[in-house]
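Have a look at the structure below before the remarks.
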2 protein chains.
Amino acid sequence: MNRFINEKENSVTEAIDGLLAGSGGALRRLDGYPHIKVVYRADRDPSKVALISGGGSGHEPAHAGFVGRGMLTAAICGEVFASPSVEAVLAGILAVTGDAGCLLIVKNYTGDRLNYGLAAERARALGRKVEMVVVDDDIALPDLPQPRGVAGTLFVHKIAGHAAQIGKSLEAVTEIAQGVIAKIASIGMSLDTCTVPGADKEDRIAWGKAELGLGIHGEAGVQQVDFVDAATAMRMVLERLAPHLGEGPTVALLNNLGSTTCLEMSVLANELARSDKKVGIESLIGPASLMTSLDMHGFSVSVLPASDADMQALRSPVEPAAWPGIDALVEPIVERLPDGLSPVKPIPSANPQARALLEDICDLLLESEAELNRLDAKSGDGDAGSTLAGAARSLKGSLDRMPLADLTQLMPALGNELSQTMGGSSGVILAIFFNATGDACSRGLSIERALAEGLERVCEVGGAKLGDRTMIDALQPALEALSGGFALAARAAREGADATARIGRAKAGRAAYVPEENLLGNNDPGAEAVARVFARLAG
Amino acid sequence: MNRFINEKENSVTEAIDGLLAGSGGALRRLDGYPHIKVVYRADRDPSKVALISGGGSGHEPAHAGFVGRGMLTAAICGEVFASPSVEAVLAGILAVTGDAGCLLIVKNYTGDRLNYGLAAERARALGRKVEMVVVDDDIALPDLPQPRGVAGTLFVHKIAGHAAQIGKSLEAVTEIAQGVIAKIASIGMSLDTCTVPGADKEDRIAWGKAELGLGIHGEAGVQQVDFVDAATAMRMVLERLAPHLGEGPTVALLNNLGSTTCLEMSVLANELARSDKKVGIESLIGPASLMTSLDMHGFSVSVLPASDADMQALRSPVEPAAWPGIDALVEPIVERLPDGLSPVKPIPSANPQARALLEDICDLLLESEAELNRLDAKSGDGDAGSTLAGAARSLKGSLDRMPLADLTQLMPALGNELSQTMGGSSGVILAIFFNATGDACSRGLSIERALAEGLERVCEVGGAKLGDRTMIDALQPALEALSGGFALAARAAREGADATARIGRAKAGRAAYVPEENLLGNNDPGAEAVARVFARLAG
């Protein structure tokens, strides 16, 4: 599979350098690539307990992405899915540990435990105060004596991070971390395996199946289950977690394992929120990518029955942007629709002259159907004439309901009528034209100025202008000439419409995709319709 | 493709409800599902300009994820990749627009322009002050008269959002938004198309190819290019953007188009940071998922030559967690490795008695190679004897360099020697044992107590305890009996080692994966080795 990497051997060091480059100097690293990959805060305070975590890479943003005020002091990064060495861990400890000592937060994998453990011994021999806690939140195998450490580790980073930040002692921070570890539980589900750079993708999960209780290094799940939908998936996960929810308010952490879309993650969040299995889950962290497994198409849920102190620690703001914050789970608040959505029905009024004019124009459009269709066949889908004829037929039938005696009301009424009967872009464009014109009339502008403002709005919204081979090419010159009377306006509209036959490239509307030879010699159907309307208005 | 959704028709409404559920009540929505999908701030302030954006869904976190203090007031969400209707937009405008008016931030797609445009007219007819700006930042086709709106839209949300938040007038906010739009440019690259729920995946991009200048709705790229690596990909993108970088400091926004891993995004950030094409790019937003295209495996870069006012607006904190913040691009800061990484070489000293004892134990381990291998073949990979024999041979050769006369120094020296010559977990475990014992000796503990503390540390770090079928089963009883002399200790070790043959399930180490029948009747090789060592010590 293609990947946005260079030499795979350098992916982790390059990714770390990318993180550092974009940190504005808040993060630094130790020398010693490729063997030693240690990221730490530039502003570390030796009088506070240093929090150090890490492990194999491929779980970004964990762990380097959580280095910053209020969370980790340093992250020791191994290669993809491989523990960092004893020397790398020791280098990290020595680089950031001051008088207050440091706490190592290690996920429960043999390699990590041993390497962090030996580094801790060597750091102690050098006079450093070092404690170590091991996170084992994975409940995939209920009777496994050595449960893995997975995304629940973030609870430890955040809560111990807060304790260290406010200046608690190493003993206190360690105790807090151990208390959190004892309470957390996590389980994940995935629809596909992850792709390790340079390795072939394992084709383990068939279409229609999902793995429940998988590891974050591509370890197979405890079981393959039939995948039905998001609701069933979340229910299965919450059923496994239910025995661990404990008493009192629980926080859930919804983690994207890699390539699950934001849309899916929000659908899953909705299932978590409304599930009857969520007994006691009152707050949510995420959904977010926190502890990923490269590009795994899956998610995990971690839960923590939280004390007041835990909640306070989880709510405190932190520097790392990768931390998504925590919010109460609430019933979505739905407010009623505002008034004014349905156009106000105009009060009908009579005006024989206006009625005759409108009927005349409608008849003209009905007569022009075939010719306008023919022109549209050259530049569009050949239905411009029929669309206008249909609207004209409909408008003729609705004239009794129209406020014919009141121009200010008539204009939006025409617009709303056309937007409902014409459909498509042209109906919306005409609705904008007549609505904007009516709006201008209501502000006391003359009809000529009002029409000009309507056109201006159409140009703005539609993004077309004179010369783009649209109806604007006839309408704009006509309106500009209108103060001189209909005859002048009609002549200008005709000249504008005829000029469109010489425009070989449309710049707006569907004709923009039509080759030149189809356009040259044929008027734009919209412009032609406008020219015909003005000709009729001129009598 | 399997997806974590339910009925695809409900994906967008369910995702919105998931977002609302996890917002703690900060976000609300209008009634009117499925047609009207409007998300807005619960704390909207009618005296400030309302910022409204939106468009098709499938671009999460855009747009609903950016609703919150300092960014959007409301997002109008359409179905996946489809514009919301005029009624939906109008409902959103009416719901959140107060006396200060509202600004519609629309991406340049015909459907969006028309629907937002007509809704604006209708809202104006109802007395609302409404302005609209159209974002057209995509430079994929340099001479396209209607460039698309893509991830650069986030610059507009953020900078106009700040202006609205600090109370600027509608005219001022509109002008600021237009100023930003005039300056931004974006282009994307992808290694695969996106998968629209319910549709088959288009197999358009072959392995080894990438698309440059693609759209965020799966529109094909302007060109297919050979995909080489991350460096080449970023170079191509920056080359296209170079003419738009303009004068002065530029901000780049690095956007994940969907399923690109965090590791890849950081590698790309590194390429952006160190590219010589980045002339003028001084700050970075991301990498982050900002304007995605479902699960597209791609990225986009947007640039803004930023004024001081732009920078101030971009730096101001906001409520939405999806906004990743902005940081200066810097040269990664590399600090030198701390002292103390190499174990201090012990000062050799003579002690004939200790030397004889160690030689004796080494000889014993050399003699036991075959038998320990045989036991290990039952529960592991059959090399335990050889590993210990190799370490013993090596240790015998290094006794001249050992501080034999100083127990406190000898212990860590033994540990470091073994960790270097044994390899694997067992070397690390013995190193931890001897280092911790030495540490305890240095604190003045008796050798018995010090050895007990070493064992305690091994249990902690290794996660094994008595009865788990490891060397601890012999070592712990031996050390507990040691105060009574070597004979008692040897007897306890032997009993412990023999007891391991009756443990059918190992709970730590590699034997945890071995079936019962292989284990029963055979001593654990580590425990057996310990028993033999104590037997020899007892003479």
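Just the heavy atoms: all of them, side chains too, but no hydrogens, waters or symmetry mates, feed the values below. Please read all numbers here as calculations on a predicted model, not as lab measurements.
With rounding to the nearest 0.5 Å, the separation of OG in Ser57(A) from CG in Leu263(B) is 7.0 Å. The line from CZ of Arg124(A) to CG of Asn435(B) is 10.5 Å long, rounded to the nearest 0.5 Å. One finds the CG atom of Asp468(A) at 8.0 Å from the CD atom of Gln146(B) (value rounded to the nearest 0.5 Å). Rounded to the nearest 0.5 angstrom, Leu20(B) CG and Glu331(A) CD are separated by 10.5 Å. Between the CZ atom in Phe4(A) and the OG1 atom in Thr260(B) there is a gap of 5.5 Å [rounded to 0.5 Å]. Of the inter-residue distances, the one linking Leu19(B) atom CG with Cys262(A) atom SG reads 10.5 Å to the nearest 0.5 angstrom.
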**Prompt:** Yes or no on side-chain contact (heavy atoms from CB on, under 4.5 Å) for Leu94(B) and Leu341(A), after CA distance, side-chain angles and deciding distance?
**Reply:** CA-CA 8 Å; Leu94(B) 297 178; Leu341(A) 281 188; 4.2 Å; yes
**Request:** Evaluate side-chain contact (heavy atoms from CB on, under 4.5 Å) for Glu14(A) paired with Glu264(B), printing each intermediate quantity in order.
**Result:** CA-CA 9 Å; Glu14(A) 289 177 8; Glu264(B) 293 169 280; over 6 Å; no
**Item:** Derivation and outcome, side-chain contact (heavy atoms from CB on, under 4.5 Å), residues Arg122(A) and Asn416(B)
**Value:** CA-CA 9 Å; Arg122(A) 288 180 53 188; Asn416(B) 292 333; 4.1 Å; yes
**Message:** Go through it in stages, so that I can follow the logic: the residues are Ser425(A) and Leu114(B), the test is side-chain contact (heavy atoms from CB on, under 4.5 Å), and I'd like the CA-CA distance, side-chain angles, deciding distance and then a yes or no.
**Reply:** CA-CA 7 Å; Ser425(A) 316; Leu114(B) 296 179; 3.3 Å; yes
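Legend: residues meeting side chain to side chain donor-acceptor pair (under 3.5 Å) with Asn270(B), ordered by chain and number and at least two apart, are absent.
Minimum heavy-atom separation, Ala15(A) to Ser266(B): O-CB, 3.4 Å. The shortest non-hydrogen separation linking His297(B) to Asn2(A) is CE1-O, 3.3 Å. Among all heavy-atom pairs drawn from Leu30(B) and Pro338(A), the shortest one is CD1-CD, 3.9 Å. Taking all atoms of both residues into account, the shortest heavy-atom contact from Leu118(A) to Ser419(B) is CD2-CB, 4.1 Å.
Between chain A and the residues Val461(B), Thr292(B), Val106(B), Asp229(B), the largest count of heavy-atom pairs under 4.5 Å involves Val461(B). Of the listed residues (Gly32(A), Ala231(A), Ala125(A)), the one with the most heavy-atom contacts under 4.5 Å to chain B is Ala231(A). Ranked by heavy-atom pairs shorter than 4.5 Å toward chain B, the options Gly258(A), Gly25(A), Ala210(A) are led by Gly25(A). No other option in Leu337(A), Val80(A), Asp439(A) has as many heavy-atom pairs under 4.5 Å with chain B as Leu337(A). Comparing Glu7(B), Arg29(B), Glu60(B), Lys209(B) by heavy-atom pairs within less than 4.5 Å of chain A, the highest count is held by Arg29(B). Taking chain B as the reference chain and counting heavy-atom pairs below 4.5 Å, the highest number among Thr261(A), Ile429(A), Val334(A) is found for Val334(A). No other option in Phe299(A), Tyr33(A), Phe227(A) has as many heavy-atom pairs under 4.5 Å with chain B as Phe227(A). Comparing Gly438(B), Gly65(B), Ala321(B), Gly22(B) by how many heavy-atom pairs each has under 4.5 Å with chain A, the most go to Gly22(B). Of the listed residues (Leu268(A), Val134(A), Leu284(A)), the one with the most heavy-atom contacts under 4.5 Å to chain B is Leu268(A).
For Leu90(B), the parts lying near chain A are the backbone and the side chain together; criterion is any non-hydrogen pair under 4.5 Å. Neither the backbone nor the side chain of Met265(A) comes within less than 4.5 Å of any heavy atom of chain B. Both the backbone and the side chain of Ala91(B) come within less than 4.5 Å of a heavy atom in chain A. In this structure, chain A has a heavy atom under 4.5 Å from the side chain of Ile36(B), while its backbone stays farther away. At a 4.5 Å heavy-atom cutoff, the contact between Ile333(A) and chain B is made by backbone and side-chain atoms alike. Using a 4.5 Å cut-off between heavy atoms, Ala233(A) touches chain B through its side chain atoms alone. Both the backbone and the side chain of Ile432(B) come within contact range of chain A, each with at least one heavy atom under 4.5 Å from a heavy atom of that chain. Both the backbone and the side chain of Arg113(B) come within contact range of chain A, each with at least one heavy atom under 4.5 Å from a heavy atom of that chain. Contacts of Ser342(B) with chain A are made by backbone atoms alone, with heavy-atom separations under 4.5 Å and no side-chain atom involved. If you measure heavy-atom distances from Glu271(B) to chain A, the contacts under 4.5 Å come from the side chain alone. The contact between Tyr40(B) and chain A is made entirely by side chain atoms (from C-beta outward), counting heavy-atom distances below 4.5 Å. Neither the backbone nor the side chain of Met296(B) comes within contact range of chain A; no heavy atoms are under 4.5 Å apart. With a 4.5 Å cut-off on non-hydrogen atoms, Asn256(B) does not touch chain A at all. Contact annotation for Pro412(B): neither backbone nor side-chain heavy atoms come within less than 4.5 Å of a heavy atom of chain A. When heavy atoms are compared at a cutoff of 4.5 Å, Glu335(B) approaches chain A by way of both its backbone and its side chain.
Taking the side chain as every heavy atom from C-beta outward, Val267(B) and Arg3(A) never approach each other to under 4.5 Å. No side-chain heavy atom of Asp327(B) sits less than 4.5 Å from a side-chain heavy atom of Ser23(A).
At least one donor-acceptor pair closer than 3.5 Å links the side chain of Asn6(B) to the backbone N or O of Ala230(A).
A salt bridge links Glu121(A) to Arg457(B): at least one charged side-chain nitrogen sits closer than 4.0 Å to a carboxylate oxygen.
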